[in-house]
Colleague: 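Mind having a look at this structure? Questions to follow.
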Amino acid sequence: MFLETYRQIEEALRACTGEEAVELMDGGEHADFATTIAFSLAKKQRKSPMAIATDLAVRLGESLADAGITVETKGPYINFHVSAAYVEEAVREALKPGYGELPARTERVVLEHTSANPNGPLHVGHIRNSIIGDTLARCFRKAGYPLEVEYYVNDMGRQIAIVSWGFDHVPKERLDGEKEDHHIARVYIAANREIEKDPAITGEVDRLMQLIEKGDPATQKKFREVVSHCLEGFKVTMGNLNVVHDRFVWESDFVRNGDMDRVIERIERLPEAKHEGTLSVDLTECGFEKDYVIRRSDGTSVYAARDLAFHTWKGRNFDRVIDVLGADHKLIASQLQCTLKLLGEKAPEIIIFEFVSLPEGSMSTRAGKFISADELVAEVTNKAFAEVSERRPELPQEKREEIARAVAVAAIRYDIVKISPEKSTVFDWKEALNFERQSGPYIQYSHARACSILEKAGAFDEAFTYTDEHEVALAKQIARFPAVVDQVVRELRPHLLATYARDLADQFNSFYRYVPVLKSEGETRASRLTLVKAAQNTLKESLETLGIDAISTM
RNA sequence: GGGCCUGUGGCUUAGCCAGGACAUAGCGCCGGGCUUCUAACCCGGAUGCCGGGGGUUCGAAUCCCCCCAGGCCCGCCA
């Protein structure tokens, strides 16, 4: 409803002004929509903005009358107001299961996120990647795109060689109840300590890397075991956070199937290729001073070569390629994009998120300086269980545990996704354990309140008469949801959905406070119950698109 | 030294790409609200030279330039 109305007004504006860019915006407290186009027209037409606005408003009013949109001016501002029919239609649409879904698209999208090195558990920085990526994935599905979500498994890196070396040379027994990825971290950290003590070990690690590149079966088997072991742990962590991947793509597969050699051959033939012992690409055209190295002088490939093969494959199998990457990948991601363009391949769209650090400094798996996602989930779940036990002591323990898990995921996911990716953050336990306003649980709570009203109401006939300002404001907020989904996938900014869901919960809570539902009667009661149902459904769909369980009681 | 990102009340943050009507909200602080649909809630109050300085514009948190501060990166690592 919102999108349709927005487009109707845009079109009327274009028709009435002859301008392409019509500057239609949210009217804030003044109106439902507004435009300041009179200012820019004033210069061209050498008339006062107010005179232009007044004149335009009359013509716009005529052309939008059929759509039930009224137009008025306030000085040079032109304001648009929607009708009661808009409000009614908005509520009607929001009652439908799956509300917010956009028409199906045919453009195939591949989205890569998380892809952390399997040398230790996912920490609070990695899951920023997972949560941004997974939320975006849910938005793409909601927006009607066929989507595949991939985890790129770096199984040929130096870190894996170190872990592999560690399994042969440092105490490696898995402790009782220790998760696989935490086990790997312990071995990795211990191996690094050995390397610090005795730099000669580096040579042994180098040899492992040469063996893996050559395809030595024993080394391959060992690397694969180590990596699979770690991934088992990752899958549990991500599962606990409602993060889902469709496919795990292994880096080494591109070496084995020949894709990497093929892309290297093509690079060798590029005019920008440089053969100076190493094989590298001159990227000055894209503004990079340093060459992009593809193959070492000893003939082995670097990460970039496999990455180029991987992205060539993605580009040929999908219409849109999106990667979610940490800020440390900014440069190499640009180099990758540039090289793919030189090769005539599709370059990925890249979403960069800035780093999460600890109050005492940056995180480091190697140094064992990190807060694991598992620890975070456990702590937040404990706090949530304590809260729910205090509020709802009558519930059976199992139910309280179930609610605590859902609340914990909501708190963690929302806390991360609500911040713009380009802000670097410092992890804060106090914030992580806060379930008050501007939190995931706050939105879940609004949903639970709506569910509670509906449960107590029993059956009712739908009705659509809204006069109270809180009713109308809530309905208008409900109407925006599909437009927000559309905006998220267009701009690749999932935090917009977080902001929207919070505003929706705010509107619902105001409505809840001022507008009695169960105590009202007749048509009014029916209309309000219908609105509560629409709000409940919209809250549910918003929460689920954020990867948060829309629980009905808490 | 160079590149990218960030700087908004005591703290966290929206708005910035597509410049307009009194800069968004939360935490904390002060005060109020549970015999009334779940108080993980709601209402009121105090707190801002939107990092600093120039410029463009009728109009700048938003665009341009310079400076300062913080983060990330600049490897035949990944």
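A, B, ... follow the sequence lines: proteins, then strands. Residue 1 opens every chain.
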Colleague: Between atom CD in A/Glu213 and atom P in B/rC76, what is the gap in whole Å?
Modeller: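 In whole Å, B/rC76 P and A/Glu213 CD are 16 Å from each other.
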Colleague: I'd like to know whether the aromatic ring centres of A/Phe355 and A/Phe427 sit less than 6.0 Å apart in this structure.
Modeller: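 No, too far apart.
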Colleague: Quick check for you: among B/rC41, B/rA21, B/rC37, whose closest atom lies nearest to any side-chain atom of A/Tyr442?
Modeller: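 Among B/rC41, B/rA21, B/rC37, the one nearest the side chain of A/Tyr442 is B/rC41.
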Colleague: Give the nucleotide from the list B/rG15, B/rA78, B/rC37 with an atom nearest to the side chain of A/Gln159.
Modeller: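 Among the listed nucleotides, the one closest to the side chain of A/Gln159 is B/rA78.
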Colleague: Quick check on B/rG26: is either OP1 or OP2 less than 4.0 Å from any side-chain nitrogen or oxygen of A/Tyr414?
Modeller: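 Answer is no, no contact under 4.0 Å.
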Colleague: Roughly, in whole Å, what's the span from CG in A/Leu336 to P in B/rA78?
Modeller: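 About 14 Å, once rounded to whole Å.
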Colleague: If we count only N and O atoms by modelled type, under 3.5 Å, do the side chains of A/Ser439 and A/Asn434 hold a donor and an acceptor together?
Modeller: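 There is no such pair between these side chains.
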Colleague: Do side-chain atoms of A/Ser452 reach the backbone of A/Ala448 as a donor and acceptor pair under 3.5 angstrom?
Modeller: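 Looks like no, no N/O pair under 3.5 Å.
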Colleague: Whether A/His30 contacts B/rG20 is assessed here as follows: a side-chain N or O lying under 4.0 Å from the phosphate OP1 or OP2. Is that the case?
Modeller: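 Negative; the distance criterion is not met.
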Colleague: Among the nucleotides B/rC27, B/rC58, B/rA78, which one has an atom lying closest to any side-chain atom of A/Ile332?
Modeller: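 Of the candidates, B/rA78 comes closest.
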Colleague: Would you find a donor on one side and an acceptor on the other, under 3.5 Å apart, between the side chain of A/His311 and the backbone of A/Asp307?
Modeller: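 Yes; judged by distance alone, with no hydrogens or angles, the pair exists.
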Colleague: When we call it a touch if two heavy atoms are under 4.0 Å apart, what does A/Glu491 touch: a base, just sugar-phosphate, or nothing?
Modeller: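 Result for A/Glu491 = base.
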Colleague: Mind calculating the distance between NZ (A/Lys330) and C1' (B/rA78) to the nearest angstrom?
Modeller: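 It works out to 18 Å between those atoms.
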Colleague: Give one of base, sugar-phosphate or nothing for A/Arg392, where a contact means two heavy atoms less than 4.0 Å apart.
Modeller: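 Base, at least one base heavy atom under 4.0 Å.
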Colleague: Choose from B/rC77, B/rC72, B/rA14 the nucleotide whose nearest atom is closest to any side-chain atom of A/Arg158.
Modeller: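 Nearest to the side chain of A/Arg158 among the choices is B/rC77.
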Colleague: Under 6.0 Å between the ring centres of A/Phe80 and A/Tyr6?
Modeller: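 Centroid separation for A/Phe80 and A/Tyr6: 6.0 Å or greater.
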Colleague: Using a cut-off of strictly less than 4.0 Å, decide whether A/Tyr303 has a side-chain nitrogen or oxygen near OP1 or OP2 of B/rG75.
Modeller: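 No, outside the criterion.
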Colleague: Determine whether any donor atom in the side chain of A/Thr36 lies under 3.5 Å from an acceptor atom in the base of B/rG20, or the reverse, and answer yes or no.
Modeller: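 Looking at the base of B/rG20, it does pair with a donor or acceptor on the side chain of A/Thr36 (distance under 3.5 Å).
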Colleague: So what does A/Val407 touch, heavy atoms closer than 4.0 Å: a base, only the sugar-phosphate, or nothing?
Modeller: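 The answer is base, as A/Val407 lies within the cut-off (heavy atoms under 4.0 Å) of a base atom.
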Colleague: Classify the side chain of A/Asp155 and the base of B/rA78 as holding, or not holding, a donor-acceptor pair under 3.5 Å.
Modeller: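 Check fails, no donor-acceptor contact within cut-off.
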Colleague: Please work out if A/Tyr514 contacts a base, only the sugar-phosphate, or nothing of the nucleic acid, heavy-atom cut-off 4.0 Å.
Modeller: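 The residue A/Tyr514 makes sugar-phosphate contact but no base contact.
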Colleague: Taking atom P in both B/rA39 and B/rG31, compute the distance separating them and give it to the nearest angstrom.
Modeller: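 B/rA39 and B/rG31 have their P atoms separated by 23 Å.
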Colleague: OP1 or OP2 of B/rA14 sitting under 4.0 Å from any side-chain N/O of A/Ser420?
Modeller: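 Looking at the OP1 and OP2 atoms of B/rA14, one of them is under 4.0 Å from a side-chain N or O of A/Ser420.
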Colleague: Would you classify A/Ser520 as touching base, sugar-phosphate or nothing, given that sugar-phosphate means primed atoms plus P, OP1 and OP2, and contacts are heavy atoms under 4.0 Å?
Modeller: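 A/Ser520: no heavy atom of the nucleic acid under 4.0 Å.
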Colleague: Measure from NZ or CZ of A/Arg207 to the centre of the six-membered ring of A/Trp165, then state whether that distance is under 6.0 Å and the direction lies within 45° of the axis.
Modeller: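 Because its charged atom misses either the 6.0 Å distance or the 45° angle limit, A/Arg207 does not stack over A/Trp165.
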Colleague: Name the closest nucleotide to the A/Arg449 side chain, picking from B/rA78, B/rA39, B/rC72.
Modeller: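 Of the options given, the side chain of A/Arg449 lies nearest B/rA39.
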Colleague: For the P atoms, the ones on B/rC64 and on B/rC30, what distance do you get once it is rounded to whole angstrom?
Modeller: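 Straight-line distance between the two P atoms is 43 Å.
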Colleague: Report which part of the nucleic acid A/Thr553 touches: base, sugar-phosphate, or nothing (heavy-atom distance under 4.0 Å, all strands).
Modeller: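 The residue A/Thr553 makes base contact.
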Colleague: With heavy atoms under 4.0 Å as the rule, sort A/Val293 into base, sugar-phosphate or nothing.
Modeller: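 Sugar-phosphate contact only.
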Colleague: Taking the P atom in each of B/rU8 and B/rG52, what is the distance between them to the nearest angstrom?
Modeller: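 After rounding to an integer number of Å, I get 10 Å for this pair.
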Colleague: Tell me whether A/Phe39 and B/rG59 count as stacked here, given that the ring centres must be under 5.5 Å apart and the planes must differ by less than 30 degrees.
Modeller: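 So no, this residue does not stack on that base, at least one cut-off failing.
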Colleague: Within the 4.0 Å heavy-atom criterion, would you say A/Ala304 contacts the bases, only the backbone, or no part of the nucleic acid?
Modeller: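 Nothing: the residue A/Ala304, judged by heavy atoms under 4.0 Å, touches no strand.
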Colleague: A/Ile352 near the nucleic acid: base, sugar-phosphate alone, or nothing, with a heavy-atom cut-off under 4.0 Å?
Modeller: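 A/Ile352: no heavy atom of the nucleic acid under 4.0 Å.
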Colleague: Both A/Asn79 and A/Glu276 contact RNA chain B. Taking the nearest nucleotide for each, which residue is further toward the 5' end?
Modeller: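 It is A/Asn79, whose closest nucleotide lies nearer the 5' terminus.
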Colleague: Nearest 0.5 angstrom please: A/Leu546 CG to A/Tyr500 OH, how far?
Modeller: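 Here the interatomic distance stands at 11.0 Å.
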Colleague: Can you tell me how far C1' in B/rU56 sits from the matching atom in B/rG9, rounded to whole Å?
Modeller: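 Straight-line distance between the two C1' atoms is 29 Å.
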Colleague: Please give, in whole Å, the distance from B/rG15 C1' to A/Lys423 NZ?
Modeller: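 Checked: the NZ to C1' distance equals 10 Å.
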Colleague: Is there a side-chain contact between A/Arg296 and the phosphate of B/rC77, meaning an N or O under 4.0 Å from OP1 or OP2?
Modeller: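 True: A/Arg296 side-chain N/O within range (under 4.0 Å) of B/rC77 OP1/OP2.
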Colleague: For the P atoms, the ones on B/rG45 and on B/rU35, what distance do you get once it is rounded to whole angstrom?
Modeller: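 My reading of the P atoms in B/rG45 and B/rU35 gives 25 Å.
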Colleague: Could you check which of B/rA78, B/rA25, B/rC73 has an atom nearest any side-chain atom of A/Gln438?
Modeller: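 That would be B/rA25.
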Colleague: Please tell me which of the listed nucleotides, B/rU36, B/rA78, B/rC37, lies nearest to the side chain of A/Leu518?
Modeller: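 That would be B/rC37.
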Colleague: Check the distance between B/rA78's P and A/Tyr292's OH and give it to me in whole angstrom.
Modeller: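 Answer to the nearest Å: 11 Å.
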Colleague: Send over the distance from A/Arg502 CZ to B/rU24 C1', rounded to a whole Å.
Modeller: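 That distance rounds to 7 Å.
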Colleague: Take atom P in B/rA78 and the same atom in B/rC16, then report the distance between them in whole Å.
Modeller: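 Those two atoms are separated by 39 Å.
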Colleague: Does B/rC29 have a Watson-Crick or wobble mate here (both distances under 3.5 Å), and if so which one?
Modeller: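 Paired with B/rG45.
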Colleague: Could you tell me the separation between the CD atom of A/Gln335 and the P atom of B/rG75, rounded to a whole number of Å?
Modeller: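 Interatomic distance, CD of A/Gln335 to P of B/rG75: 9 Å.
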Colleague: Checking only heavy atoms, does the side chain of A/Ser297 share a donor-acceptor pair with the base of B/rC76 at less than 3.5 Å?
Modeller: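 Looking at the base of B/rC76, it does pair with a donor or acceptor on the side chain of A/Ser297 (distance under 3.5 Å).
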Colleague: Once you apply a heavy-atom cut-off of 4.0 Å, does A/Asp291 come out as touching a base, just sugar-phosphate, or nothing?
Modeller: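 No contact at all - A/Asp291 keeps every heavy atom at 4.0 Å or more from the nucleic acid.
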Colleague: Look at all strands and tell whether A/Val22 reaches a base, only sugar-phosphate, or nothing, counting heavy atoms closer than 4.0 Å.
Modeller: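 Nothing, no nucleic acid heavy atom in range.
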Colleague: Give one of base, sugar-phosphate or nothing for A/Arg493, where a contact means two heavy atoms less than 4.0 Å apart.
Modeller: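 Base, at least one base atom sits under 4.0 Å.
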Colleague: Can you measure A/Arg437 atom CZ to B/rU12 atom C1' for me and round it to whole angstrom units?
Modeller: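 These atoms are roughly 15 Å apart.
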Colleague: Which whole number of Å gives the distance between the P atom of B/rA18 and that of B/rC5?
Modeller: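 My reading of the P atoms in B/rA18 and B/rC5 gives 14 Å.
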Colleague: Taking A/Tyr152's backbone N and O only, do any of them form a donor-acceptor pair with A/Ser115's side chain (distance below 3.5 Å, no angle check)?
Modeller: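 Yes, A/Ser115 side chain to A/Tyr152 backbone: donor-acceptor pair under 3.5 Å.
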Colleague: Expressed as a whole number of Å, how far does the P atom of B/rC50 sit from that of B/rC41?
Modeller: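 B/rC50 and B/rC41 have their P atoms separated by 31 Å.
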Colleague: Identify, between A/Val515 and A/Asp298, the residue whose nearest nucleotide on RNA chain B lies closer to the 5' end.
Modeller: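 Result of the comparison: A/Val515.
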Colleague: Determine which nucleotide pairs with B/rC16, using a 3.5 Å limit on both distances of a Watson-Crick or G-U wobble pair.
Modeller: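 Across any shown strand, B/rC16 pairs with none.
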Colleague: Determine if A/Tyr77 stacks with B/rG20; use a centre-to-centre distance below 5.5 Å and an interplanar angle below 30° as the criteria.
Modeller: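 Stacking between A/Tyr77 and B/rG20: absent.
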Colleague: Taking the side chain of A/Leu496 as heavy atoms from C-beta outward, which of B/rC72, B/rC41, B/rG15 is closest to it?
Modeller: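 Minimum distance to the A/Leu496 side chain belongs to B/rG15.
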Colleague: How is A/Met554 classified with respect to the nucleic acid when contacts are heavy atoms under 4.0 Å: base, sugar-phosphate, or nothing?
Modeller: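 Base, at least one base heavy atom under 4.0 Å.
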Colleague: Regarding A/Arg400 and A/Ser389, do their side chains bring together a donor and an acceptor under 3.5 Å, going by distance alone?
Modeller: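 Result is yes, a qualifying pair exists.
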Colleague: Assign the ring pair A/His470 / A/Tyr514 to parallel, tilted or perpendicular, where the plane angle (0 to 90°) is split at 30° and 60°.
Modeller: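 Rings of A/His470 and A/Tyr514: parallel, under 30°.
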